[in-house]
Amino acid sequence: MSRIRIADLLSRELSPGSVVVKGWVRTKRDSKAFSFLELNDGSCLANLQVVADATLPGYEESVEPARTGAAVEVEGEVVESQGQGQRWEMQATRVTLVGAAPEDYPLQKKGHSLEFLRSIAHLRPRTNLFGAVFRIRSRMAFAIHRFFQERGFVYVHTPIITASDCEGAGEMFRVVTMEGEKVRGGAEEFFGKPTYLTVSGQLEGETFACALSNIYTFGPTFRAENSHTSRHAAEFWMIEPEIAFCDLEGDMTLAEEMVKYLVNDALDHCAEDLDFCNRFVDKGLLERLAFVRDRSFERISYTDAVELLRASGEAFEFPVEYGLALQSEHERYLTEKHFRCPTTVYNYPKEIKPFYMRRNDDEKTVAAMDLLVPGIGEIVGGSQREERLEVLLANLREQDLEESAYDWYVDLRRFGTVPHAGFGLGFERLLMFVTGVGNIRDVIPFPRTPGSAEF
RNA sequence: UCCUCUGUAGCUCAGCGGUAGAGCGGGUGGCUGUUAACCACUAGGUCGUUGGUUCGAUCCCAACCGGAGGAGCCA
C-alpha cells in the first residue's frame with residue numbers, strides 16, 4: 001500500500017479508504033482503551049488524528065512509545081471523525097514505530113520562544129510556525145521563477161566568487177585557499193588575485209541583459225557587514241532582474257508588479273499557512289496582504305519626499321535635508337504613517353548613490369528607486385543604469401574607482417549600448433513581509449549572522 | 001562599530017544580601033472520543049563565566065561570554 005501525504009488526505013471530498021501515512025507525532029493523548037496520535041508529515045499545517053485502539057497488535061511496542069517527536073508509519077481506514085475539530089481521522093489497523101524520540105526531545109507542544117527555536121534550528125522545521133514559513137518560502141521561490149518565466153525572462157546564474165572588490169555594496173568575505181593552517185596568498189592565490197563572495201550579481205547580470213534582453217538572477221549573496229538587526233544576515237538570497245531597453249519607469253513598474261504578483265500567489269496558494277501566521281504572528285497580516293494586492297502603490301520623488309517629511313511636523317531624530325540619505329525613521333514615516341502602503345521613492349541625489357546609476361537631465365539626481373514596505377523598509381533597490389560611455393567613465397573617476405577593473409563592464413557601453421535598468425529584491429525581506437515574521441533569522445533555514453554560523 | 005536591554009529547572013518566567021519558587025514540559029498512577037485534554041503524586045537547579053565588595057553574593061560592583069532590540073550599512 002503506497003503512502004499518501006496528509007495534505008492530500010485531508011483535502012479529499014470522499015474517504016480514500018485504507019491508506020498508509022508516515023510522519024512525526026506532534027502529541028499523543030492516551031486513554032485506557034485507545035490513544036489519539038496527532039501526526040504531521042510537513043505536507044501541510046494540519047495534523048492527522050490517528051485513533052489507535054489498545055487492542056492493536058504490538059500496541060505496547062509501537063503506540064505507547066510514540067510520544068512527541070517520534071516517527072511512525074500508520075496504516076488504517078480514513079473515516080469521518082466522531083469528534084469536533086477535524087473532518088477526517090484515521091482508524092489505525094497497524095502502527096509501526098520508525099524512529100523513537102526519547103523524553104529529552106526539546107520541542108514541547110506548547111509555544112516556544114523564537115530565540116529558543118533558533119538554538120535548535122535543526123528541529124524547528126517541525127513546529128507549526130517554521131513549517132508554515134518554509135512552505136511559504138518554497139512557494140515564493142517557485143512564484144518568482146514563474147513570474148519571470150511567464151514574461152520571457154531568462155534565468156542567469158551569475159558567479160558566487162568574484163574578483164570585483166568594489167561593487168559598492170558593503171564589506172565582502174575573502175575567498176582563500178588553505179595550506180594546512182596557513183592561508184595561501186600573493187602570487188600563490190588560487191585565482192591569481194584576491195577574490196570574494198559576491199555581494200551582487202548585477203554587473204554580470206547587465207552583460208546578459210545586453211544580449212538576452214530580459215534576465216533575472218536568483219541566488220545567495222554575502223555581506224560581511226557587522227550588522228546586528230532583525231533585517232540583516234551575512235548570507236541571504238537575492239533576486240536581480242535586468243531589463244534591456246528599459247528606463248526607470250519600466251523598472252519601478254516591474255518591481256511593483258512583482259511584489260503584487262508574489263503577494264497574490266501567496267494568498268492563493270498558502271492560505272492555510274498564512275492564516276496561521278495571521279493568528280499567531282501578526283493579526284493584521286491578511287488584511288495588509290489583501291490591501292497590497294488590491295491597491296496601487298505610491299510613488300514619490302526623493303525631492304518631494306524630503307519636502308513632505310520637512311512639512312510633516314514630525315520630530316525626527318535625524319535631520320531631513322536635501323542631499324542626505326533617508327533614515328529608517330523617515331522611510332517608516334512615509335510607508336507607515338503618511339501613505340500607509342508600499343511606496344517607491346525615486347530620483348535620488350547622485351552623491352549618495354553608486355557610479356552605475358544613470359544621471360538624470362537635471363545633473364543633480366540619478367534614476368534610482370527604492371521600494372519601501374511598511375514594517376520592514378527597503379525591500380527593493382534598483383536603478384536605470386548609466387548607458388552613456390562618457391558619463392560612466394566620468395562617474396568612475398569622480399568616485400575614485402579603478403577604471404581598468406571595470407573594462408568588461410565599460411565595454412557594454414562601447415559596443416551596442418542600450419538603456420537598461422534593474423533591481424534587487426531581498427528574498428528574506430519579502431518573506432518577512434509576506435509572513436509577518438519580524439526577524440530575518442526566522443525566515444531562512446540556517447541563519448548566518450555576526451558571531452553565529454551554527455548548523 | 002556604537003547605544004539599550006537581558007542571562008535563575010528541559011521551556012517561559014517570578015524572586016531575594018542569610019538553606020531556591022511557579023506554570024508548562026518529563027516520569028508514575030488514574031480517568032475520559034480526546035484535541036494547548038483532565039486529576040493526583042514525583043524527579044529535576046554550581047542562579048552564564050571569572051574576579052571583587054561583604055561575616056555571608058543567585059542578588060551589589062567590574063570584566064568577559066552568550067542572547068535580543070535599535071542605529072549605521074544595506075537587501
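A note on names: the letters A, B, ... follow the listed sequences, proteins ahead of strands, and every chain is numbered from 1.
Taking only distance into account, the side chain of R231(A) never meets the base of rA75(B) through a donor-acceptor pair shorter than 3.5 Å. Between the side chain of Q108(A) and the base of rG10(B), at least one donor-acceptor pair of N or O atoms lies under 3.5 Å. Judged by distance alone with a 3.5 Å cut-off, no donor-acceptor contact links the side chain of S31(A) to the base of rC31(B). Not a single donor-acceptor contact under 3.5 angstrom links the side-chain atoms of Q84(A) to the base of rU34(B). For R29(A) against rC38(B), a side-chain-to-base donor-acceptor contact under 3.5 Å is absent. For rU35(B), its base never sits under 3.5 Å from the side chain of E89(A) at any donor and acceptor pair.
Atom-to-atom, CG of L326(A) to C1' of rC73(B) comes out at 15 Å; the value is rounded to the nearest Å.
Residue contacts shown for Q86(A) include a base, since a base heavy atom lies under 4.0 Å away. Contact annotation for E115(A): backbone-only contact, meaning every heavy-atom pair under 4.0 Å involves sugar-phosphate atoms and none involves a base. Within 4.0 Å of R67(A), counting heavy atoms only, lie sugar-phosphate atoms of the nucleic acid but no base atom. Contact annotation for I440(A): base contact, defined as any heavy-atom pair under 4.0 Å involving a base atom. When heavy atoms are screened at a 4.0 angstrom cut-off, D30(A) is found touching base atoms of the nucleic acid. Across all strands shown, S119(A) has no heavy atoms under 4.0 Å from either base or sugar-phosphate atoms. The residue T229(A) sits close to a base: some heavy atom pair falls under 4.0 Å. At the heavy-atom level, D104(A) lies nowhere under 4.0 Å from the strands shown. At the heavy-atom level, A33(A) lies nowhere under 4.0 Å from the strands shown. Using a 4.0 Å heavy-atom criterion, one finds that E235(A) contacts no nucleic acid atom at all. If you check every strand for non-hydrogen atoms under 4.0 Å, F36(A) touches a base. Within the 4.0 angstrom heavy-atom criterion, no nucleotide atom of any strand lies near E317(A).
Applying the salt bridge (charged side-chain N to carboxylate O under 4.0 Å, His left out) test to every pair with at least one member in residues 441-455 of chain A, sequence neighbours left out, gives these pairs: R118(A)-D442(A), R124(A)-D442(A).
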Treat a base pair as Watson-Crick or G-U wobble with both distances under 3.5 Å, then lay out RNA chain B in dot-bracket form, 5' to 3', with | for cross-strand pairs. (((((((..((((....[..)))).(((((.......))))).....(((((..]....))))))))))))....
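The closest side-chain donor-acceptor pair between H420(A) and E387(A), if any, does not fall under 3.5 angstrom. Using a 3.5 Å distance cut-off with no hydrogens or angles, the side chains of N40(A) and R126(A) do not pair a donor with an acceptor. Side-chain contact, Y346(A) with T365(A): no donor N or O sits under 3.5 Å from an acceptor N or O.
The P atoms of rU32(B) and rC39(B) are separated by 16 Å, rounded to the nearest whole Å.
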Side-chain atoms of residues 272-285 of chain A: list all donor-acceptor pairs with protein atoms under 3.5 Å, sequence neighbours left out, distances to 0.1 Å.
| residue | atom | partner | partner atom | Å |
| --- | --- | --- | --- | --- |
| E272(A) | OE1 | L45(A) | N | 3.3 |
| E272(A) | OE2 | A46(A) | N | 3.3 |
| D273(A) | OD1 | R135(A) | NE | 3.4 |
| D273(A) | OD1 | R135(A) | NH2 | 3.0 |
| D273(A) | OD2 | R135(A) | NE | 3.0 |
| D275(A) | OD2 | R279(A) | NE | 3.3 |
| N278(A) | OD1 | L285(A) | N | 3.1 |
| N278(A) | OD1 | L286(A) | N | 3.0 |
| D282(A) | OD1 | G284(A) | N | 3.0 |
| D282(A) | OD2 | R288(A) | NH1 | 3.1 |
| D282(A) | OD2 | R288(A) | NH2 | 3.1 |
| K283(A) | NZ | R279(A) | O | 2.5 |

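With centres under 5.5 Å and a plane angle under 30° as the test, the ring of F34(A) is not stacked against the base of rG33(B).
Remark: R293(A) fails to qualify as a cation-pi partner of F291(A) under the 6.0 Å distance and 45° angle criteria applied to the six-membered ring.
Salt bridge status for R231(A) with E428(A): absent, with no side-chain N to carboxylate O gap under 4.0 Å.
Using a distance-only test at 3.5 Å, with no hydrogens or angles considered, a donor-acceptor pair links the side chain of N395(A) to the main chain of F355(A).
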